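Comments concern the structure below.
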Amino acid sequence: MTPALTLDRAPTQPERDAVAVRLAAIAVAAGEILRDFERGGCSHHLKADGSPTSQADLAAEALIVAALAEAWPGIPVIAEETAAEAAPAALFFLVDPLDGTKDFLKGTGEYTVNIALVAGERPVASALAAPAFGRVWTAGVGAAEASIVAGRPGAFRPVAARPLPGEGMTALVSRSHGEAADEACLAGLPIGHRRGVSSALKFGLIACGEGDVYVRCGPTMEWDTAAGDHILTEAGGCLVGPDRRPFGYGRRPGQYRNGPFAAFGDPSQAARAVLPERCPARGA
């Protein structure tokens, strides 16, 4: 049963779990749209900031926004493509219908659908689907993963991030982005292996013990990180900024831009992260 959400109170723990399950179903349904475009071709263009957007982004976002409005009318939705200027409230959704558009267009499969419910400044329920890999993660209270079966989430099983491995951390590094500041931060950590991974898929992999750290000093937006942040946190990991504190969400005066961050499977390692105070300027 889908719980009712109202702006005058935060959802209870059982409500958070139920919302997360519904968000997973919505994310997987949006992922089916993306898979259809992936198989059949997809036109795209560059936005003003130079990042690509496509028919697939818009179609997936339309489904998500409509599904959220049907399930929880009155709860604002801040979405990358069509509602990026919306104002947050005591409860609001952050949506990225296609995180990793470049990889989607290249056909690597390393893209995700991200949906998070934020209460105050922190996510309280979220879903992260990786349609091409047949995987979906979710978190209300506690994190879980399911396989995508016939266009729906299968049975969920709990997941947990792992402690620091004896052979050192596996760093998940972007295929499409990279900053000198990222490398500077990683240089101060006990990195044993590197694995190239695109999009918010990194958060899901760290949450289930398939990686240990993800550093991003370049620009990102709140809808890029909120769902993955919550899933990783509920799996026992953390995402921290330069002050080594968790991110707050709903920064409308900052146009929902994130600062530098580091995501860890083992929170005991977060104190070792040395991040710049601000994202480096392009070309710096």
Side-chain angles (χ1 to χ4, degrees), residues 99-100 103 108-112 114 123 126-130 132-148 155-218 220 224-247 258-276:
D99 186 48
D103 281 86
T108 70
E110 292 183 354
Y111 60 88
T112 60
N114 310 341
S126 61
L128 175 70
F133 292 93
R135 304 175 73 173
V136 58
W137 292 268
T138 190
V141 180
E145 180 188 355
S147 297
I148 298 172
F156 281 99
R157 54 194 177 279
V159 296
R162 66 188 181 187
L164 176 66
E167 67 273 18
M169 296 178 180
T170 294
L172 304 185
V173 295
S174 176
R175 298 187 190 279
S176 303
H177 308 280
E179 304 282 346
D182 297 354
E183 292 301 318
C185 183
L186 290 172
L189 301 173
I191 304 301
H193 308 279
R194 287 170 176 255
R195 176 180 172 186
V197 181
S198 296
S199 79
L201 178 60
K202 302 179 192 72
F203 293 111
L205 296 179
I206 298 174
C208 61
E210 296 178 34
D212 302 290
V213 62
Y214 164 35
V215 173
R216 182 70 185 272
C217 297
T220 61
D224 295 321
T225 59
D229 179 352
H230 179 59
I231 289 164
L232 176 58
T233 300
E234 291 297 321
C238 66
L239 180 150
V240 297
D243 59 0
R244 299 187 177 88
R245 295 176 59 83
F247 267 7
N258 291 326
F261 66 83
F264 291 92
D266 185 341
S268 72
Q269 301 302 303
R272 307 174 74 161
V274 179
L275 296 163

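All values reported here derive from a predicted model rather than from experimental measurement. Values below: every heavy atom of this structure, side chains too, minus hydrogens, waters and symmetry copies.
- Taken from CG in Asp99 to CG in Asp224, the straight-line distance is 5.0 Å, to the nearest 0.5 Å.
- Within 6.0 Å of atom CZ in Arg245, 12 or fewer heavy atoms from other residues, nucleotides or ligands are found, so the atom counts as exposed in its surroundings.
- Residues Met169 and His193 form no side-chain contact, since every pair of their non-hydrogen atoms from C-beta on lies 4.5 Å or further apart.
- In this structure, Phe133 and Gly109 approach most closely via the heavy-atom pair CE1-O, 3.0 Å.
- Between Pro158 and Glu145, the closest side-chain pair of non-hydrogen atoms is not below 4.5 Å.
- Pro260 and Pro276 make their closest contact through CG-O, 3.3 Å (heavy atoms, listed as atom of the first residue, atom of the second, distance).
- Of the inter-residue distances, the one linking Asn258 atom CG with Arg216 atom CZ reads 9.5 Å to the nearest 0.5 angstrom.
- Contact between Gly140 and His230 at its shortest, heavy atoms only, is O-NE2, 3.1 Å.
- We find the CG-CD1 distance between Asn114 and Ile231 to be 8.0 Å, quoted to the nearest 0.5 Å.
- Judged by distance alone, with hydrogens and angles left aside, the side-chain atoms of Ser126 form a donor-acceptor pair with the main-chain N or O of Ala227 at under 3.5 Å.
- Distance OG/Ser147 to CZ/Phe156: 10.0 Å, rounded to 0.5 Å.
- Side-chain atoms of Leu205 and Leu172, non-hydrogen and from C-beta on, do get closer than 4.5 Å to each other.
- Contact detail for Cys238 and Thr233: the closest heavy-atom pair is CA-OG1, 4.3 Å.
- Asp182 places a side-chain N or O within 3.5 Å of a backbone atom of Cys217 that can act as its donor or acceptor partner.
- With values rounded to the nearest 0.5 angstrom, Phe203 atom CZ is found 6.5 Å from Asp229 atom CG.
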Audit row: Thr225, Phe261, side-chain contact (heavy atoms from CB on, under 4.5 Å) steps and yes/no: CA-CA 10 Å; Thr225 59; Phe261 66 83; 3.8 Å; yes
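- At least one side-chain heavy atom of Trp137 sits less than 4.5 Å from a side-chain heavy atom of Leu201.
- No side-chain donor-acceptor contact under 3.5 Å links Glu234 to the backbone of Ala143.
- In plain terms, the two heavy atoms of Ser199 and Gly100 that are nearest each other are CB-CA, 4.1 Å.
- Between Asp266 and Arg162 there is no salt bridge, since no side-chain N of the basic residue sits under 4.0 Å from a carboxylate O of the acidic one.
- Ring centers of Phe264 and Tyr214: at least 6.0 Å apart, outside the cut-off.
- For the ring pair (Phe, Tyr, Trp, His ring centres under 6.0 Å) test, residues two or more places apart in sequence or in another chain that qualify with Tyr111 are Phe104.
- For Arg244, there are no salt bridge (Lys or Arg N to Asp or Glu O under 4.0 Å) partners at least two apart in sequence or on another chain.
- Under the 4.5 Å side-chain criterion, counting only non-hydrogen atoms from C-beta, Thr138 is not in contact with Leu128.
- Checked options Arg195, Arg194, Lys202; the residue passing with Val173 is Arg194 (criterion: side chain to side chain contact (heavy atoms under 4.5 Å, CB included)).
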Residues Leu275, Asp243; criterion side-chain contact (heavy atoms from CB on, under 4.5 Å); working and verdict: CA-CA 8 Å; Leu275 296 163; Asp243 59 0; over 6 Å; no
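- Counting only heavy atoms from C-beta outward, the side chains of Asp212 and Leu164 never approach each other to under 4.5 Å.
- Listed for the Glu110 side chain is a donor-acceptor partner under 3.5 Å among the backbone atoms of Ser198.
- Between Leu239 and Phe247 the shortest side-chain heavy-atom distance falls below 4.5 Å.
- Between Ala262 and Val215, the shortest heavy-atom distance links the atoms CB-CG2, 4.1 Å.
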